S.K.: 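Have a look at the structure that comes next, please.
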Amino acid sequence: MKNLIIIIFALTLTSCTVKAQQSADVQMLTLTGNPLPTIRHVNDMKIAGDTLWFVYETEDGFGQCFLRRASIDTISNNLTVSSDIGKRSDGYYLSYMPYPFIAADGTVRVVGQDDCEIYSVENDTALVGTKQYLLGSTGILPFPIAQYTKDVFMTSPHQYVFIGREPNGGPHYAMNANIITAEIDTIRKINISPDLQPWMPNMGELAYSATHQRLAFAYLLHPIIEIFDTDSHSIKSVRLGEDTFDLKTLEDADFENLNTLHTVDITSTPDYIYALYWGYRYSDSQNCTPTLIKIDWNGNIIFRRPVKVPLRRIAASDNAIIGWTGEDFVMLRLH
């Protein structure tokens, strides 16, 4: 049985070498409902109301992604996990790469990253195809785009923003789409400098605020978060650390493992961005603990707080953050 850890903290700054000034108050919570298999990776997490939605891979799943939801009850210290979402009666799945996103009406929907179809969620665990596609075969495109979607946000009915990329390792972009007219256009090319055009050295995560109508892109291999509006106007480039990327490592297949990883995940609420900042390599992730950085949508850093457990994924609500340590879920209360 896995456990959900609640961490209540008031800390200021941490790293691999800096000792935290205060210890965390940790409370163990029991997971109930449907048991989880051994999880290899948690690929994405979202919080909608009192429900956590998370996508994961298993040790023997051969790359298939599975989607679950879990009701959060902090009064009775309980997290109730659903069965697999989208699993059919014959044992097959409606989507093998489901990606949840919060619709403009507040409900959770799912897009298949492999075929880009949009699904509604009914009866808690059933996926129902809408026959609408974020990237359709007859769409109006500015240039060829790989049939793959990432970091999808619904900005209004039928309007979306997401990360798309050119085929064969080309550049990637923040893009918008109208699924009624099938028109797709670019908002901004994502690249840290003119010298780094392909998507791989520019990997990262996108966040969106409907309240401010702004986007934030956090680079994985560079200590920068770029905030811009949906018309591509720059708001601020937020620096979180020192530059560490080594251009020479691009010649190696495992260049990501040879470089310091900066923002490994980003999540947001209508008024704030939360960056999960490492500042160390993946090989050090079991011995180092990260920093949670809170930023407003004007690019002002509100706080930096060390987290006393390893974290690899985060999802935010207005008063708490749930994270994945690689073995357990944790919740960090925000005060």
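What you see is a predicted model, and the numbers here were worked out from it, not measured in a lab. The first residue of the sequence shown is numbered 1, and numbering continues consecutively from there.
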S.K.: Take atom CZ of Phe228 as the centre, draw a 6.0 Å sphere, and report whether it contains more than 12 heavy atoms from other residues, nucleotides or ligands.
M.R.: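 For Phe228, atom CZ is crowded (more than 12 foreign heavy atoms under 6.0 Å).
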S.K.: Answer yes or no: is there a donor N or O on one side and an acceptor on the other, between the side chain of Arg281 and the main chain of Ser283, under 3.5 Å?
M.R.: no
S.K.: Among pairs that include at least one residue of residues 259-268, which meet side chain to side chain donor-acceptor pair (under 3.5 Å), considering only residues two or more places apart or in two chains?
M.R.: Thr244-His262, Thr249-Asn259, His262-Tyr277, Asp265-Arg313
S.K.: I want to check something: taking the side chain as every heavy atom from C-beta on, are Ser234 and Arg188 in contact at a cut-off of under 4.5 Å?
M.R.: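 Answer yes - side chains close enough.
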S.K.: What do you reckon, is CD of Gln213 surrounded by more than 12 foreign heavy atoms closer than 6.0 Å?
M.R.: no
S.K.: Using 0.5 Å steps for rounding, measure from the NE2 atom of His172 to the CE atom of Met203.
M.R.: 9.0 Å
S.K.: Once rounded to the nearest 0.5 Å, what's the spacing between atom CG of Leu261 and atom NE2 of His222?
M.R.: 11.0 Å
S.K.: Using a strict cut-off of less than 4.0 Å between a Lys/Arg side-chain nitrogen and an Asp/Glu carboxylate oxygen, indicate whether Asp252 and Lys248 qualify as a salt bridge.
M.R.: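 No, this pair does not count.
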S.K.: Which word best sums up how the rings of Tyr274 and Tyr272 line up, parallel for under 30°, tilted for 30 to 60°, or perpendicular for over 60°?
M.R.: tilted
S.K.: State the CE-OG distance between Met331 and Ser317, to the nearest 0.5 angstrom.
M.R.: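 Separation between the atoms: 8.0 Å.
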S.K.: List in chain and number order the residues that pass side-chain contact (heavy atoms from CB on, under 4.5 Å) with Ser83, two or more places apart in sequence or in another chain; answer none if no residue qualifies.
M.R.: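 Once residues adjacent in sequence are excluded, the partners of Ser83 under the side-chain contact (heavy atoms from CB on, under 4.5 Å) criterion are Asn34, Thr125.
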S.K.: Quick one: is the NZ or CZ of Lys294 closer than 6.0 Å to the six-membered ring centre of Phe303, and within 45° of its axis?
M.R.: no
S.K.: Is the shortest heavy-atom distance from the side chain of Val55 to the side chain of Pro100 under 4.5 Å?
M.R.: yes
S.K.: Test Asp246 against Leu258 for side-chain contact (heavy atoms from CB on, under 4.5 Å), laying out the working first.
M.R.: CA-CA 8 Å; Asp246 185 356; Leu258 298 175; over 6 Å; no
S.K.: Do the side chain of Ser82 and the main chain of Ala70 share a donor and acceptor less than 3.5 angstrom apart?
M.R.: no
S.K.: Can you find a heavy atom in the side chain of Ile85 that is under 4.5 Å from one in the side chain of Leu127?
M.R.: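 SC-SC contact between Ile85 and Leu127 confirmed.
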S.K.: Working note: Asn202 + Gln197, criterion side-chain contact (heavy atoms from CB on, under 4.5 Å); need CA distance, chi angles, decisive distance, verdict.
M.R.: CA-CA 8 Å; Asn202 292 299; Gln197 293 293 325; 5.9 Å; no
S.K.: Check this for me: Arg40, atom CZ, are more than 12 non-hydrogen atoms of other residues, nucleotides or ligands nearer than 6.0 Å?
M.R.: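 No, not enclosed.
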S.K.: Treating Ile, Leu, Val, Met, Phe, Trp and Tyr as nodes and any side-chain heavy-atom pair under 4.5 angstrom as an edge, say whether Leu36 and Val42 lie in one connected cluster.
M.R.: yes
S.K.: Establish whether Val264 and Ile321 are linked, either directly or via other cluster members, by ILVMFWY side-chain heavy-atom contacts under 4.5 Å.
M.R.: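 Per the 4.5 Å side-chain linkage, Val264 and Ile321 are co-clustered.
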S.K.: With a 4.5 Å heavy-atom cut-off, do Cys288 and Ser285 have their side chains touching?
M.R.: no
S.K.: Checking Arg312 against Trp324: charged group under 6.0 Å from the ring centre and within 45 degrees of the axis?
M.R.: no
S.K.: Is there side-chain contact between Ile225 and Ile295, with at least one heavy-atom pair below 4.5 Å?
M.R.: yes
S.K.: If only atom types and distance count, is the side chain of Gln113 paired as donor or acceptor with the main-chain N or O of Thr149 below 3.5 Å?
M.R.: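 Yes.
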S.K.: Identify whether the distance between the nearest side-chain nitrogen and carboxylate oxygen of Asp84 and Arg88 falls below 4.0 Å.
M.R.: no
S.K.: Could you go through the side chain to side chain donor-acceptor pair (under 3.5 Å) check for Glu57 and Asn43 one step at a time?
M.R.: CA-CA 7 Å; Glu57 297 178 32; Asn43 299 345; 3.0 Å; yes
S.K.: Counting neighbours of CG on Asn168 that are heavy atoms of other residues, nucleotides or ligands and sit closer than 6.0 Å, is the number greater than 12?
M.R.: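 Not more than 12 within 6.0 Å, no.
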S.K.: Working to the nearest 0.5 Å, report the span between CH2 of Trp278 and CG of Leu311.
M.R.: 9.5 Å
S.K.: Just wondering, do Thr80 and Asp73 contact through their side chains at under 4.5 Å, heavy atoms?
M.R.: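 Side chain of Asp73 against side chain of Thr80, heavy atoms only: no contact under 4.5 Å found.
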S.K.: Looking at residues at least two apart in the chain, or sitting in another chain, which of them share a side-chain hydrogen bond (donor to acceptor under 3.5 Å, both in side chains) with Asp185?
M.R.: none
S.K.: Rounded to the nearest 0.5 Å, what's the gap from NZ on Lys46 to CD1 on Ile322? Could you check?
M.R.: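 Separation between the atoms: 13.5 Å.
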S.K.: With sequence neighbours excluded, what pairs up with Asp229 under the salt bridge (charged side-chain N to carboxylate O under 4.0 Å, His left out) test?
M.R.: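 Listed in chain order: nothing, the list is empty.
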S.K.: Can you check side chain to side chain donor-acceptor pair (under 3.5 Å) on Thr269 and Asp271, steps first, answer last?
M.R.: CA-CA 5 Å; Thr269 63; Asp271 292 320; 6.0 Å; no
S.K.: Nearest 0.5 Å, please: how far is OG in Ser95 from CG in Asp114?
M.R.: 4.5 Å
S.K.: Between Asp296 (side chain only) and Asn300 (backbone N and O only), is there a donor and an acceptor less than 3.5 Å apart?
M.R.: yes
S.K.: Would you say that Leu332 contacts Val307 through its side chain, given a criterion of any heavy-atom pair below 4.5 Å between the two side chains?
M.R.: yes
S.K.: Which other residues belong to the hydrophobic cluster containing Tyr173, where Ile, Leu, Val, Met, Phe, Trp and Tyr are joined when side-chain heavy atoms lie under 4.5 Å apart, directly or via other members?
M.R.: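 In the cluster with Tyr173 are Tyr99, Phe101, Val111, Ile118, Leu134, Leu135, Leu141, Phe143, Ile145, Val152, Met154, Tyr160, Phe162, Met175, Ile179, Ile184.
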S.K.: Do Glu183 and Thr181 pass the side chain to side chain donor-acceptor pair (under 3.5 Å) test, and can you show the C-alpha distance, the side-chain angles, and the key distance before you say yes or no?
M.R.: CA-CA 5 Å; Glu183 293 178 284; Thr181 63; 3.0 Å; yes
S.K.: Would the number of heavy atoms belonging to other residues, nucleotides or ligands and lying under 6.0 Å from CD of Glu59 be above 12?
M.R.: yes
S.K.: Is there a path of hydrophobic side-chain contacts, each under 4.5 Å between heavy atoms, that joins Leu94 and Tyr56?
M.R.: no
S.K.: CG of Asn123: more than 12 outside heavy atoms within 6.0 angstrom?
M.R.: no
S.K.: List the steps, then state whether side chain to side chain donor-acceptor pair (under 3.5 Å) holds for Tyr219 with Glu226.
M.R.: CA-CA 8 Å; Tyr219 290 89; Glu226 294 178 344; 3.3 Å; yes
S.K.: Parallel, tilted or perpendicular, judged at 30° and 60°: which one describes the rings of Tyr93 and Phe66?
M.R.: perpendicular
S.K.: Would you please test Trp297 and Thr211 for side-chain contact (heavy atoms from CB on, under 4.5 Å) and show each step?
M.R.: CA-CA 10 Å; Trp297 282 95; Thr211 299; over 6 Å; no
S.K.: What do the steps show when you test Phe329 against Phe54 for ring-ring contact (aromatic ring centres under 6.0 Å, His included), and what is the final call?
M.R.: CA-CA 11 Å; Phe329 289 99; Phe54 59 100; 5.0 Å; yes
S.K.: What's the verdict on side-chain contact (heavy atoms from CB on, under 4.5 Å) for Ile293 and Leu240, showing C-alpha distance, side-chain angles and the deciding distance?
M.R.: CA-CA 9 Å; Ile293 304 177; Leu240 305 181; 4.0 Å; yes
S.K.: For Arg165 and Tyr148, which I'm curious about, is there any donor-acceptor pair between the side chains at under 3.5 Å?
M.R.: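 No, Tyr148 and Arg165 have no side-chain donor paired with an acceptor closer than 3.5 Å.
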S.K.: Given the rule that I, L, V, M, F, W and Y join up when any side-chain heavy atoms are under 4.5 Å apart, are Leu221 and Ile163 in one cluster?
M.R.: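 Per the 4.5 Å side-chain linkage, Leu221 and Ile163 are co-clustered.
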S.K.: Between Phe245 and Phe255, what is the ring plane arrangement, given parallel below 30°, perpendicular above 60°, and tilted in between?
M.R.: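 Judged by the thresholds at 30° and 60°, the geometry between Phe245 and Phe255 is perpendicular.
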S.K.: Using every non-hydrogen atom in the two residues, find where Gly204 and Asp151 come nearest and quote the distance to one decimal.
M.R.: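 Shortest heavy-atom contact: O-OD2, 4.1 Å.
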S.K.: Mind checking who shares a hydrophobic cluster with Val128, ILVMFWY linked at side-chain heavy-atom distances under 4.5 Å?
M.R.: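 Hydrophobic cluster check, Val128: no partners found.
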S.K.: With the side chain counted from C-beta on, respond yes when Lys189 and Thr186 share a heavy-atom pair under 4.5 Å apart, and no when they do not.
M.R.: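 No, their side chains stay 4.5 Å or more apart.
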